[in-house]
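Residue numbering restarts at 1 for every chain, and letters A, B, ... go by the order of the sequence lines.
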Amino acid sequence: MTDNRFDPSKADGRWQRAWDEAGTFTADSNSDKPKSYILEMFPYPSGRIHMGHVRNYTMGDVLARYQKMRGHEVLHPMGWDAFGMPAENAAMEKKVHPGTWTRSNIAAMKAQLQRIGFALDWTREFATCDPEYYGHEQALFLDLYEAGLVYRRQSEVNWDPVDMTVLANEQVIDGKGWRSGAEVEKRKLDQWFFKITDFADDLLQGLGELKDWPDKVRLMQENWIGKSSGLEFSFELQSDARPGPVEGREGGGARASTSSARAEIPERLDVYTTRPDTIFGASFCAIAADHPIAQSLASNPEIAAFIEECKRGGTTAAELETAEKLGFDTGITAKHPFTGAALPIFIANFVLMDYGTGAVMGVPGHDQRDFEFATKYELPIARVVAKDVSEADAPMGDEAESGDGVIVNSDFLDGRSVEDAKADVIARAEDGGWGKGTTVWRLRDWGVSRQRYWGTPIPIIHSPDHGPVPVPKDQLPVELPEDIDFETPGNPLERHPTWKHTVCPISGKPALRETDTLDTFVDSSWYFLRFASQPDGAPFDAEEIAKWLPVQHYIGGVEHAILHLLYARFWTRALAHIGKIDVKEPFAALFTQGMVTHQTYSARLKSIRLTEEGETLIHRLLDNKLTMEQALSEHPELFEGSRRWLDPNDVVENEDGTFDAPSVENEFRDADSVFYEGVELGRVEKMSKSKKNVVDPDAIIDQYGADAVRWFMLSDSPPERDLPWSEAGIEGCWRFVQRLWRLFDAYDPAAKGEDKDLTRKTHQTILAVGEDIEALSFNKAVARLYELTGAAEKAAPSEARNFAIRAILHMVSPMMPHLAEEAYAKMGETGLIAEAAWPQHDPDLLVEDEVTIAIQHKGKLRDTITAPKGATKEDLEALALASEKVQRSLQGAEVRKVIVVPDRLVNIVT
RNA sequence: GCGGGUGUGGCGGAAUGGUAGACGCCGGGGACUUAAAAUCCCCUGAUCCUAUAGAUCGUGCGAGUUCGAGUCUCGCCACCCGCACCA
């Protein structure tokens, strides 16, 4: 047997221990070296590391190791985003305490991460469910509370009456709770909010400076913040002179038929518009169903019924797309501020209460929604913007014209530009005292109250005399009780027999603790600060934060493009605002990596025999405990014609290109319940349990070792795109690991002699790989290393070859650290290559002395020639014309022009 | 509907306006071997040909700018992602 093979099962663990014992990756805040903070989004401890994690952390790891070799002091920490619902779900299903479940998941995942050999500073590890961490978070919450950035108000929530809990929007499926299947109710609860809107403008402005963020993410945040400017103004309200039900309005416009409610009508209606220039085109007003005026009219049963109808309207994309504009004439009119015309006021289903003032002026000519509404209810559609003044009387088409133009049919605004007219109307409104120019934001304050157990308790005491009172800081952390019961529905903290009972810090009288916990996004809004600095007795130290922040590279999934990244930016600003830190933007550069995908296969179901399971399912459906979609996704095998996903490992390809899954077929037949009809190739999709295309990293590492997996994660696909997993691909990586090992083994210190070509290629590669890594173009760095490896393999032993081999060894070491350490030691080095310096390229040795010149005739390639580097244009032209192939192509035609690009090409034009 | 992205061999993908397909995977042929594994070498965009050193076509489609376009401009198409009745 030869020992000429690299054995990761032995080497990986050995070097992981060596790094650990040497403290190689422990970051020193007091180091004089330039500092690099490399961070990947910390994981939720779900139980297992998946390929997406491996890809994410491998990228960060290469950067961290590279920066260290470039002489930086690197902070590359890891921790756990440990609060959240899955732990409570596990508690309910498996009867384990959420803390126990979470802790054991963390232990398992940490072990998995360690065997991949990541260069992490584990001394800074923490979990957000550590009382120490969330205690500091509570203190920061109270600091922000004192600064007026936290407040409490009533807010509507989705309430599941069966589970007695609040649901996030994503947990409401077709108006029903995802778990209980019960009809979700709207409830008003007192909730805590962060005043993120105070920073709306600043958060928006700040985006402009984040040059190293993807444009896509900046745009998404920009849209989310949603700044718009316009005019907020009020209409005087009038009694409607028109009597009774609507006449001559075939569109079915209902109309309030009683006047009983009119006494309660306020005198004014505030509206917001971004198009004050079109004010002369207003033909109606519309208010939201939950607008105070609509509410005050609800004593009229017709109106009450209409309001109910509006609320029922679906909120899914498809429903909104097709939803008809519906209105109800209130019988009240608004007086147009310039013309005095009486505009009917409708309650309308397309007006949102929580944007602007919850009321709009309807300008059908120049707003598509207003246009549809006016068409339906036969309201006037006037043109007030035209391409040109001469087009003032041009008829309107079949949709609104929202484009630019000049104002027409608008009294004093006629002939003015849109922008000009906007400014004029705003000025007149302000002079007249009936309106003012305003900025409106889409961004809402951040509601952070969650009626759950497994989160950071909100450190507030509700005192009967003093209302909500902060928990005194010396009583922090407010710890979660351990003895908790998940048997009965509702918030376990609320139900706990003793936990919430305490005393008022001011009066000493009995009082109740706040039983809500914080949104887990709060936990991840400052963890990167805690990684950088963790003094005793304080969340962090500002001076130490200043040494590391901002994070140099922040890497994670694009799914966090809005919420997490916006909240983290907000917290950083808020903490800076109250003087806790001196950093504004937490992440200097952001990189959003693609997903790891894999082939899917599915089979169609042919026949069913109902099993016991199926009958249970039907009962659950009948009892409304389950929606059809849920039943389908949980038990696809019970539905004829539906598709069942197959594990790619069960699928075999036939010679004719079709697929079969013999093992699954047998499994089905044995169960005597289901038959499949045919196996089909599905799309390459993100690995997910439900699609059965997950590949477990642990099993792959067992087989090929950490380095092959890491190399795979970096190869081929650009890191921002999806990476398709393949068995063949990982085998290729494994072969390359061994190929490198043999090359390193061929290192012969005694070899003598030059090899100019190889030396040049080595220097070129050193330069290029460094640039590629810094640009996070790992796939290109990998390709260059393949090339140089090929060249070094073919070269005869020489000093130049030894130089190339050592350069390759150093350059692959951030990517395949175990192999590199093993080879480094075998070459007789006593230190760790993880602590070695990145190789230097010599600019003088990069230059080629001969170049290949392309010869084109009319832009088409006819020949290539070799010429000395830096040959003159005249020489190149002469060489080109001397080419036999070129002469044949020219066929004696007259040469009109010759374009010469030095060292590149000659193009002959005839 | 609005916004953004992507489109190149059988596949993943390279390519400062200058030789399209680097590099990897798959596939084919060969060497070594009793055999296999491993390894090494060669071929591998399509079509045509008189098939050695030939020609034509080719980067989603259609135009344009240019001596020269995968790359720039305009107009389409397809797919993916995000947001969504935001006044």
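Among rC86(B), rA14(B), rC79(B), the nucleotide with an atom closest to any side-chain atom of R683(A) is rC79(B). The side chain of A728(A) lies closest to rC26(B), out of rC85(B), rA14(B), rC26(B). Nearest to the side-chain atoms of E787(A) among the listed nucleotides rU19(B), rC67(B), rC23(B) stands rC23(B). Residue R888(A) has its side chain nearest to rG54(B) when only rG54(B), rA87(B), rC83(B) are considered. Nearest to the side chain of L219(A), among rC67(B), rA87(B), rG3(B), sits rG3(B). Of the candidates rU19(B), rG18(B), rC86(B), rC86(B) carries the atom nearest the R369(A) side chain, counting heavy atoms from C-beta on. Counting only heavy atoms from C-beta on, F350(A) has its side chain closest to rC85(B) among rG82(B), rG18(B), rC85(B). Proximity note for D716(A) (side chain, C-beta onward) versus rA14(B), rC86(B), rG24(B): the nearest is rG24(B). Taking the side chain of K897(A) as heavy atoms from C-beta on, and the options rG24(B), rG12(B), rC67(B), the nearest nucleotide is rC67(B). Of the candidates rG54(B), rU56(B), rU19(B), the closest approach to any side-chain atom of R862(A) belongs to rU56(B).
The partner of rG70(B) is absent, by the rule that a Watson-Crick or G-U pair needs both atom distances under 3.5 Å. Across the strands present, rC23(B) finds its partner in rG12(B); the criterion is a Watson-Crick or G-U wobble pair with both atom distances under 3.5 angstrom. If you check rA38(B) for Watson-Crick or wobble pairing at under 3.5 angstrom, you find it has no partner at all. In this structure, rA46(B) and rU56(B) make a Watson-Crick or G-U wobble pair, each of the two defining distances being under 3.5 angstrom. Of the nucleotides present, none pairs with rU33(B) by Watson-Crick or G-U wobble criteria with both distances under 3.5 Å. Partner assigned to rU65(B) is none, using Watson-Crick or G-U wobble distances below 3.5 angstrom.
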- Which is it for I407(A) and V385(A) under the side-chain contact (heavy atoms from CB on, under 4.5 Å) test, yes or no, and what are the steps along the way? CA-CA 5 Å; I407(A) 307 296; V385(A) 180; 4.0 Å; yes
- Run the numbers on F373(A) and F346(A) for ring pair (Phe, Tyr, Trp, His ring centres under 6.0 Å), then give the verdict. CA-CA 10 Å; F373(A) 190 82; F346(A) 288 81; 5.1 Å; yes
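Under 4.0 angstrom from either OP1 or OP2 of rC80(B) there lies no side-chain N or O belonging to R721(A). At rA22(B), none of the side-chain N or O atoms of R784(A) fall inside 4.0 Å of OP1 or OP2 (strictly under the cut-off). Contact annotation: Y272(A) side-chain N/O to rA87(B) OP1/OP2 distance is not under 4.0 Å. For rU19(B), neither phosphate oxygen OP1 nor OP2 lies less than 4.0 angstrom from any side-chain nitrogen or oxygen of K860(A). Under 4.0 angstrom from either OP1 or OP2 of rC80(B) there lies no side-chain N or O belonging to K216(A). In terms of phosphate contacts, N779(A) brings a side-chain nitrogen or oxygen within less than 4.0 Å of OP1 or OP2 of rA14(B).
Residues S715(A) and Y786(A) bring no donor and acceptor atom of their side chains to less than 3.5 Å of each other. Judged purely by distance below 3.5 Å, without hydrogens or angles, the side chains of T597(A) and D722(A) never pair a donor atom with an acceptor atom.
The nearest whole Å value for the distance from the OH atom in Y355(A) to the P atom in rA84(B) is 13 Å. If you take CD of E559(A) and P of rG4(B), they are 22 Å apart, rounded to a whole angstrom. To the nearest angstrom, P of rG82(B) lies 13 Å from NE2 of H560(A). Remark: P of rU56(B) and NZ of K858(A) are 11 Å apart, rounded to the nearest angstrom. Distance E727(A) CD to rC11(B) C1': 16 Å, rounded to the nearest Å. Summarising the geometry, the separation between CE on M595(A) and P on rC81(B) is reported as 8 Å, rounded to the nearest angstrom. Rounded to whole Å, the distance from CZ on F235(A) to P on rA87(B) is 17 Å. Counting to the nearest Å, the C1' atom of rC85(B) and the CG atom of D354(A) are 12 Å from each other.
Ring centroids of W734(A) and F712(A) are separated by 6.0 Å or more, keeping the two rings apart.
Within the 4.0 angstrom heavy-atom criterion, no nucleotide atom of any strand lies near V363(A). As judged by a 4.0 angstrom heavy-atom cut-off over every strand, V901(A) is placed among the base-contacting residues. Among the atoms of the strands shown, none is found under 4.0 Å from any heavy atom of S726(A). Looking at heavy-atom distances under 4.0 Å, T273(A) makes contact with sugar-phosphate atoms alone, never a base.
Relative ring orientation between F233(A) and W434(A) is described as perpendicular, the plane-to-plane angle rising above 60° on a 0-90° scale split at 30° and 60°.
Rounded to whole Å, the C1' atom of rU19(B) lies 14 Å from the corresponding atom of rA14(B). Taking the C1' atoms as reference points, rG82(B) lies 33 Å from rC23(B), given to the whole Å. rG3(B) sits 26 Å from rG62(B) when the C1' atoms are compared, rounded to a whole Å. Separating the C1' atom of rA20(B) from that of rG68(B) is a span of 14 Å, rounded to the nearest Å. rA78(B) and rC61(B) are spaced 10 Å apart, taking the C1' atom of each and rounding to whole Å. Using C1' as the reference atom, rA84(B) and rC74(B) are 29 Å apart when rounded to the nearest Å. Here, rU34(B) and rC57(B) have their C1' atoms 50 Å apart, quoted to the whole Å. On the P atoms, rG28(B) is 46 Å away from rC83(B), given to the nearest whole Å.
rG9(B) has its base syn relative to the sugar, with a glycosidic angle deviating from 0 by at most 90°.
Ion pairing of E787(A) with K761(A) is present here, as a side-chain N (NZ or NE/NH1/NH2) and a carboxylate O approach within less than 4.0 Å. Ion pairing between a basic and an acidic side chain is recognised when a charged N comes within 4.0 Å of a carboxylate O; E372(A) and R369(A) show no such pairing. Of the charged side-chain nitrogens involved, at least one lies within less than 4.0 Å of a carboxylate oxygen, so that E401(A) and R383(A) count as a salt-bridged pair. Using a 4.0 Å cut-off between a side-chain N of Lys or Arg and a carboxylate O of Asp or Glu, D757(A) and R760(A) qualify as a salt bridge. Ion pairing of R275(A) with D367(A) is absent here, as no side-chain N (NZ or NE/NH1/NH2) approaches a carboxylate O to less than 4.0 Å.
Sequence order on RNA chain B of the closest nucleotides to V360(A) and K885(A) puts K885(A) first from the 5' end. Heavy-atom nearest nucleotides on RNA chain B were determined for E731(A) and for G859(A), and the one closer to the 5' end corresponds to E731(A).
Taking CG of L723(A) as the reference point, atom CE of M687(A) lies at 8.0 Å (rounded to 0.5 Å).
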- Message: One character per nucleotide, please: for nucleotides 37-50 of chain B, 5' to 3', B when the base has a protein heavy atom closer than 4.0 Å, S when only the sugar-phosphate does, - otherwise.
- Response: -SSS----------
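Residue-to-nucleotide contacts include no donor-acceptor pair under 3.5 Å from the side chain of K780(A) to the base of rC23(B).
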